[in-house]
Amino acid sequence: MGAEVTRTNAWSELIIGSTPQLSISISPNLTALAMLADALAGRRRGLPELWRRAVGARVGPLGHEAVRPLSAPGSALAPDFLVPRSPSGGDFTVAAQIAALQELEPDALIKDLERTYGPGTPPPQWRPVVERPDLWLHGYATALADVWRTTEPLWKRARLLLDREVERVGVTTVRGGPELLLGAISDRMSYGERGLVFSGVAAGTYELGDRRIVLVPMLAGRDALILGLDDPDAVWIAYPVPGADSLWRRPVAPAVDELSALVGPVRADLLCALEQPMTMSMLATDMKIAPSGLTYHCDRLRAGRLITRERRGREVWIARTHRAEELLELFRR
């Protein structure tokens, strides 16, 4: 089973005999696949309607047609060619994923369908693919590219969330307790007596053995889960990155109300005002704040590593830090 992109009433189990080895892969192509499945294939996983409409409107007719096999009800298996480059092999781009699809031979696609569904006639939804595999590959690659053009700005704004998740997984790996982490990353996963249990996926039992588990955080609806349980090198689990709810509103300017709740209204306005470095006197005039009050708020922001202060002659210049830029990106809409 290369990828699971649908929900059924079945469940799968991954038997884990000893403490699993965890790693993390920042692979945006699975975010693109999750968006595509939710917005185009009708496999709703909690993606906000605004984004569902935006993604659907961006994809052309050829892409919509290529995604139709994923829309068939009751099927929880998806062929490996939906993810032609395994995320367990390291981080790679959506462009690399699309290139791998474009390079895939039609015969390889048909053989993969046979491995997934058995020899003979494939399920009805995949029969048009067998008839014109070259056309399907082109349409599916085009759909992924269209989805990514809509999603890539969101992915870039998620850098801080993804960095935090890398840190969280790293701390868990060093300090132990991977069972607690694995049991909490998705409502569709739980850690049972023998290992991991996945709900709403194709029924089956798998052995982890000496393979590692690669976690792949996605920007996707809260119920999204994409699995690779039979990769010979590693098991990979793609799941919604914690905190993704803060990113769904399309950004234009900082959402000052939400930022104010975090750092306070005056400091939120101050950070937003620092589009370019300014002197303390310039800021005081612009913000209409007394110098003593401005100094207090700047001290607090400097303590939080959100601004820098640099004396140049008689003037003190204030500038936002990279940390502040990342914070503002989280609160843009």
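What you are looking at is a predicted structure, and each value in this text was computed from that prediction instead of being measured.
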Please check: side-chain N/O of S190 versus main-chain N/O of G192, any donor-acceptor pairing under 3.5 Å?
no

Which atom of L30 lies closest to which atom of M218, heavy atoms considered:
O-SD, 3.4 Å

Checking R45 side chain against L225 main chain: does a donor-acceptor pair fall under 3.5 Å?
no

Linking I/L/V/M/F/W/Y whenever their side-chain heavy atoms sit closer than 4.5 Å, directly or via other members, would V59 and L62 fall into one cluster?
no

Where do R159 and D163 land on the side-chain contact (heavy atoms from CB on, under 4.5 Å) test, with the steps shown first?
CA-CA 6 Å; R159 183 178 61 238; D163 287 346; 3.8 Å; yes

Run the numbers on E65 and R68 for salt bridge (charged side-chain N to carboxylate O under 4.0 Å, His left out), then give the verdict.
CA-CA 5 Å; E65 184 66 24; R68 289 184 66 181; 3.4 Å; yes

Please tell me if the side chains of I307 and R302 come closer than 4.5 Å, counting only heavy atoms from C-beta onward.
yes

For R132, give me all partners under salt bridge (Lys or Arg N to Asp or Glu O under 4.0 Å), at least two apart in sequence or on another chain.
D134

Can R312 and E315 be counted as an ion pair, charged N to O under 4.0 angstrom?
no

Applied to residues 277-286, the side-chain hydrogen bond (donor to acceptor under 3.5 Å, both in side chains) test, sequence neighbours excluded, yields T279-S281

Could you check whether atom CZ of R52 has more than 12 heavy atoms from other residues, nucleotides or ligands sitting under 6.0 Å from it?
yes

Under a 3.5 Å distance rule, please check whether T150 uses its side chain to pair with a backbone N or O of V55 as donor and acceptor.
no

Looking only at heavy atoms, which two atoms of L181 and V169 are closest? And how far apart?
CD2-CG2, 4.1 Å

State, yes or no, whether a side-chain contact exists between L161 and E165 at a heavy-atom distance under 4.5 Å.
no

Nearest non-hydrogen partners of L294 and A284, listed with the distance
CD2-N, 3.6 Å

In one Ile/Leu/Val/Met/Phe/Trp/Tyr side-chain cluster, 4.5 Å: V129, L135
no

Could you please spell out the steps behind the side-chain contact (heavy atoms from CB on, under 4.5 Å) verdict for L196 and Y191?
CA-CA 5 Å; L196 282 171; Y191 213 101; 3.6 Å; yes

Could you give the distance from CZ (R267) to NE2 (H297), rounded to the nearest 0.5 Å?
5.5 Å

Indicate yes or no: at least one non-hydrogen side-chain atom of P20 is less than 4.5 angstrom from one of L182.
yes

So, taking the atom named NZ in K111 and the one named CG in L113, what distance separates them when rounded to the nearest 0.5 Å?
13.0 Å

Working to the nearest 0.5 angstrom, can you tell me the gap between L229 CG and I213 CD1?
9.5 Å

Taking atom OG1 of T142 and atom CG of L137, what is their separation to the nearest 0.5 Å?
10.5 Å

Tell me if the NE2 atom of H64 is crowded by more than 12 foreign heavy atoms within 6.0 Å.
yes

Just wondering, are more than 12 heavy atoms of other shown residues or ligands nearer than 6.0 Å to CZ in R127?
yes

If the threshold is 4.0 Å, N to carboxylate O, is there a salt bridge linking E207 and R194?
no

To the nearest 0.5 angstrom, please state how far the CG atom of L274 sits from the CG atom of L301.
8.5 Å

Q125/L70 under side-chain contact (heavy atoms from CB on, under 4.5 Å): CA gap, chis, key distance, verdict:
CA-CA 8 Å; Q125 69 269 25; L70 302 182; over 6 Å; no

W236 side chain reached by S27 side chain, heavy atoms, under 4.5 Å
no

In the structure I gave you, are the side-chain heavy atoms of I15 and Y206 within less than 4.5 Å of one another anywhere?
no

Test item: N29 side-chain N/O and Q97 main-chain N/O as donor-acceptor pair under 3.5 Å:
no

Only counting residues at least two apart or in another chain, list the ones meeting salt bridge (Lys or Arg N to Asp or Glu O under 4.0 Å) with R149.
D146

Any side-chain heavy-atom pair from W51 and L154 closer than 4.5 angstrom?
yes

Can you tell me if CG on D299 sees more than 12 non-hydrogen neighbours from other groups inside 6.0 Å?
yes

Between W317 and P277, the two heavy atoms sitting closest are CZ3-O, 3.4 Å

Work out which heavy atom in P133 is nearest to a heavy atom in P106; give both atom names and the distance.
CG-CB, 3.6 Å

Can you list the steps and then say if W136 with L109 is a side-chain contact (heavy atoms from CB on, under 4.5 Å)?
CA-CA 10 Å; W136 184 88; L109 185 153; 3.6 Å; yes

If we only count heavy atoms from C-beta on, is the R222 to D187 side-chain gap below 4.5 Å?
no

Has E114 got more than 12 heavy atoms of other residues, nucleotides or ligands less than 6.0 Å from its CD?
yes

Okay, side chain of S12, backbone of G204: is any donor-acceptor separation there less than 3.5 Å?
yes

Any side-chain heavy-atom pair from P217 and I26 closer than 4.5 angstrom?
yes

Does the R58 side chain pair with the main chain of T151, one donor and one acceptor, at a distance under 3.5 Å?
no

Any idea which heavy atoms bring R188 and D223 closest together, and the distance?
NH1-O, 2.8 Å

Verify, without hydrogens or angle tests, whether T31 (side chain) and L219 (backbone) share a donor-acceptor contact under 3.5 angstrom.
yes

When rounded to the nearest 0.5 Å, the distance separating CD1 of I289 from CG of L270 is 6.0 Å

